Amino acid sequence: MSQDWESKKLSEICSLITDGVHNSPQYVENGIPMLDSKHINDNFFINDQNPTKFISQETDILLSKRCKPLENDLLISSRGSIGKIAIVRKDQNFNIMGNIILLRVLANINSRYIAFSLKYKLDEIQSISRGVAQKGLYLNQIRNFEITLPPFQEQKRIVAIVDEAFEGIDRAIANTEKNLTNARELFESYLNATLSGQGKQWKETTLGKEIDLLTGFAFKSSGYTDSDKSIRLLRGDNIAPGSLRWDGVKRWPESEVNEYLYYQLQEGDVVLAMDRPWIKTGLRRAQITKDDLPCLLVQRTACLRGDDNLENRFLLYLISGRAFTQHVLGSQTGLSVPHISGKQIQSFEFSKPSLREQYSIIDSLDELKSETKRLEAIYQQKITALNELKQSILQKAFTGELTADITNQATKTAKEVVAA
């Protein structure tokens with residue numbers, strides 16, 4: 001690193017460091033968008049398209065005195081995915097919620113250089129976050145956060161080289177992500193086409209006629225235990241699209257399990273979250289395995305057990321299809337927490353193949369799913385490698401080792417990663 005590089009606190013190079021609105025303002029039907037940390041995407045971009053909350057011009061004017069973003073301001077997500085960074089564009093007009101921190105860099109500092117520097121130090125930023133239930137960044141932490149700052153012309157040189165190098169890498173990432181999406185869409189297309197088939201022996205029926213439906217019990221939180229002699233409670237939070245996750249699991253005393261035998265889950269059971277059944281990555285449904293047992297079913301979570309003529313593995317594929325998802329999403333209730341009921345699940349109409357055909361369909365879907373997972377793993381490894389390449393370029397940039405030929409090297413390496 002050159003001797004003319006200095007270590008500076010962000011408070012020394014910013015004219016303003018603040019955060020957004022913590023108390024919800026009065027919203028209106030149309031007006032100035034209110035954005036939060038989930039709107040901050042990769043590549044220093046904040047998505048102001050299709051906002052869901054708006055404030056009036058008058059409220060915006062009041063907020064502008066403290067936290068209204070302007071062109072070239074930097075935004076940092078301080079809750080959720082901590083440390084995501086965006087640069088405000090000239091054509092954008094919005095205001096921010098309290099889970100975004102705003103940095104207004106001094107005129108003699110290149111704001112894009114600061115953005116790259118903060119991206120390079122993402123691990124360090126995340127390490128200083130505080131909190132128990134939910135970690136977050138606080139203004140004093142950001143004000144005292146230090147970066148290395150070269151002269152202005154060197155800042156511009158670094159930004160120009162990194163931008164050019166990242167352009168080729170980002171194209172490679174976009175192409176790989178498209179391949180990843182195509183692999184998933186191919187499986188979903190085959191799944192939906194298979195489930196919508198009408199074989200000669202297929203029977204028109206409803207889920208209510210073909211399954212035993214069990215909804216969970218309202219276990220009181222005061223009875224939760226951390227004892228080794230305890231049983232896991234399956235809540236909606238434990239159900240992800242296609243799998244179970246047991247981090248943050250709640251437990252119930254094993255000595256009391258006989259009182260709740262009715263709510264014990266079995267290997268092969270299909271489970272479905274009834275609150276917020278749909279998230280960005282899909283419908284929250286899974287199948288119970290031997291490793292998940294023993295566990296008890298909690299309220300607002302459903303267990304679906306196929307009868308003798310409906311194989312549970314086929315049942316899992318059935319509720320994973322587009323038709324079931326559209327059925328439950330079209331009839332879910334609740335505004336703050338969307339919810340589906342047992343009656344809505346039972347009313348789903350479908351065509352049921354014979355058991356023999358169900359097993360054949362399961363085999364073909366399992367085979368395609370396995371191949372899809374293999375491709376997903378390959379594409380995800382490529383994306384990880386490309387992002388690591390970007391981080392290595394940033395390391396060179398902020399240790400004074402960045403040379404003009406880094407662009408050609410990065411492009412060549414990116415092509416090698418994609419071709420591998």
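Note that the structure is predicted; figures quoted are calculated from it, not measured.
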Show your working on side chain to side chain donor-acceptor pair (under 3.5 Å) between Asp405 and Thr403 and close with a plain yes or no. CA-CA 6 Å; Asp405 65 345; Thr403 58; 2.5 Å; yes
Test your reading of the model: is there a side-chain donor-acceptor pair from Ser117 to the backbone of Ile114, 3.5 Å cut-off? no
Salt bridge (charged side-chain N to carboxylate O under 4.0 Å, His left out) partners for Asp366, two or more places apart: Arg313
Sidechain-backbone polar pair: Ser56 side chain, Thr59 backbone, donor-acceptor under 3.5 Å: yes
Show, in sequence, the C-alpha distance, side-chain angles and deciding distance for Ser7 and Glu146, and conclude whether the side chain to side chain contact (heavy atoms under 4.5 Å, CB included) test is met. CA-CA 6 Å; Ser7 180; Glu146 293 187 354; 3.1 Å; yes
Identify the two heavy atoms, one from Leu389 and one from Ala414, that lie closest to each other, and give their separation to 0.1 Å. CD2-N, 4.0 Å
About how many Å separate OG of Ser111 and CZ of Arg104, when rounded to the nearest 0.5 Å? 12.0 Å
Take atom CD of Glu401 as the centre, draw a 6.0 Å sphere, and report whether it contains more than 12 heavy atoms from other residues, nucleotides or ligands. yes
Side-chain donor/acceptor of Gln287 to backbone N/O of Glu267, under 3.5 Å: no
Using a strict 4.0 Å threshold on nitrogen-to-oxygen distance, state whether Lys390 and Asp170 make a salt bridge. yes
Not counting sequence neighbours, list each pair that qualifies as a ring pair (Phe, Tyr, Trp, His ring centres under 6.0 Å) and has a residue in residues 138-161. none
For Leu70, does its backbone N or O pair with a side-chain atom of Asp73 as donor and acceptor, under 3.5 Å? yes
Check whether any side-chain heavy atom of Phe314 sits under 4.5 Å from a side-chain heavy atom of Ile361, and report yes or no. yes
Sorted by chain and number, sequence neighbours left out, ring-ring contact (aromatic ring centres under 6.0 Å, His included) with Phe54 holds for none
Non-neighbouring partners of Tyr317 that pass ring-ring contact (aromatic ring centres under 6.0 Å, His included), sequence neighbours left out: none
Donor-acceptor pair, distance only, cut-off 3.5 Å: does the side chain of Thr372 make one with the backbone of Phe187? no
Indicate yes or no for a side-chain donor-acceptor contact from Thr399 to the backbone of Gln395 under 3.5 Å, with no hydrogens or angles considered. yes
Is there a salt bridge (Lys or Arg N to Asp or Glu O under 4.0 Å) between Asp36 and Lys53? Walk through the geometry before answering. CA-CA 10 Å; Asp36 60 23; Lys53 296 179 180 178; 5.8 Å; no
Do Ser370 and Glu367 have side-chain heavy atoms sitting under 4.5 Å apart? no
Is it true that Asp60 and Lys68 make a salt bridge, defined as a side-chain N closer than 4.0 Å to a carboxylate O? yes
Neighbour count >12 (heavy atoms, 6.0 Å) for atom CD, Glu311: yes
Backbone N or O of Ser37 within a donor-acceptor pair of the Lys84 side chain at under 3.5 Å? yes
Applying side-chain contact (heavy atoms from CB on, under 4.5 Å) to Lys373 and not counting sequence neighbours gives Lys369, Glu376
If every non-hydrogen atom of Pro51 is compared with every non-hydrogen atom of Leu35, which pair is closest and at what distance? CB-CD2, 4.2 Å
Can you find a pair of side-chain heavy atoms, one from Val105 and one from Leu10, that are under 4.5 Å apart? no
Output all residues satisfying side-chain hydrogen bond (donor to acceptor under 3.5 Å, both in side chains) with Ser77, sequence neighbours left out; order by chain, then residue number. none
Output a table of donor-acceptor pairs, distance under 3.5 Å, between side-chain atoms of residues 239-249 and any protein atom two or more places apart or on a different chain; print 'none' if there are none.
unit_1, atom_1, unit_2, atom_2, d
Arg245, NE, Asp237, O, 3.0
Arg245, NH2, Asp237, O, 3.4
Trp246, NE1, Asp292, OD1, 3.0

Output every pair passing ring pair (Phe, Tyr, Trp, His ring centres under 6.0 Å) with a member in residues 109-130, not counting sequence neighbours, ordered by first then second residue. Phe44-Phe116, Tyr113-Phe398, Phe116-Phe166, Tyr120-Phe398
Quick check: do Ile101 and Ile17 have side-chain heavy atoms less than 4.5 Å from each other? yes
Mind checking what makes side-chain contact (heavy atoms from CB on, under 4.5 Å) contact with Ser255, not counting sequence neighbours? Pro253
Does Leu137 reach the side chain of Ile128, with side-chain heavy atoms less than 4.5 Å apart? yes
Out of curiosity, Ser129 OG to Arg79 CZ, how far, rounded to the nearest 0.5 Å? 9.0 Å
When you measure from the side chain of His339 to the backbone N and O of Pro277, does any donor-acceptor pair fall under 3.5 Å? no
Between atom CE of Met274 and atom CD of Gln299, what is the distance when rounded to the nearest 0.5 Å? 10.0 Å
Could you tell me if the side chain of Leu318 sits less than 4.5 Å from the side chain of Phe350, heavy atoms only? yes
Across all chains, not counting sequence neighbours, the salt bridge (charged side-chain N to carboxylate O under 4.0 Å, His left out) partners of Glu167 are Arg171
Tell me, which pairs form a ring pair (Phe, Tyr, Trp, His ring centres under 6.0 Å) where one or both residues lie in residues 217-244, sequence neighbours left out? Phe217-Phe219, Phe217-Tyr260, Phe217-Tyr263, Phe219-Trp252, Phe219-Tyr260
Among Leu75, Ile76, Ile13, find the residue that satisfies the side chain to side chain contact (heavy atoms under 4.5 Å, CB included) test when tested with Leu103. Ile76
Does any non-hydrogen side-chain atom of Cys303 lie less than 4.5 Å from one of Val270? no
I'd like to know if the side chain of Thr176 reaches the main chain of Ala172, judged simply by a donor and an acceptor atom lying under 3.5 Å from each other, with no hydrogens or angles considered. yes
Does Arg157 come within less than 4.0 Å of Glu154, counting only side-chain N to carboxylate O? yes
Partner residues of Gln155 under the side-chain hydrogen bond (donor to acceptor under 3.5 Å, both in side chains) criterion, sequence neighbours left out: none
Over all atoms of both residues, closest heavy-atom pair of Ile231 and Cys295: CG2-CA, 3.6 Å
Name the one of Ile40, Asn95, Asp19 that satisfies side chain to side chain contact (heavy atoms under 4.5 Å, CB included) with Ile100? Ile40
Residue pair Glu188 / Arg322, side-chain heavy-atom distance below 4.5 Å: no
Are more than 12 heavy atoms from other residues, nucleotides or ligands located less than 6.0 Å from atom CG of Asn108? yes
Could you tell me which non-hydrogen atom of Ser64 sits nearest to which non-hydrogen atom of Ile61, and how far apart they are? OG-O, 2.6 Å
Which atom of Ile46 lies closest to which atom of Gln92, heavy atoms considered: O-NE2, 3.0 Å
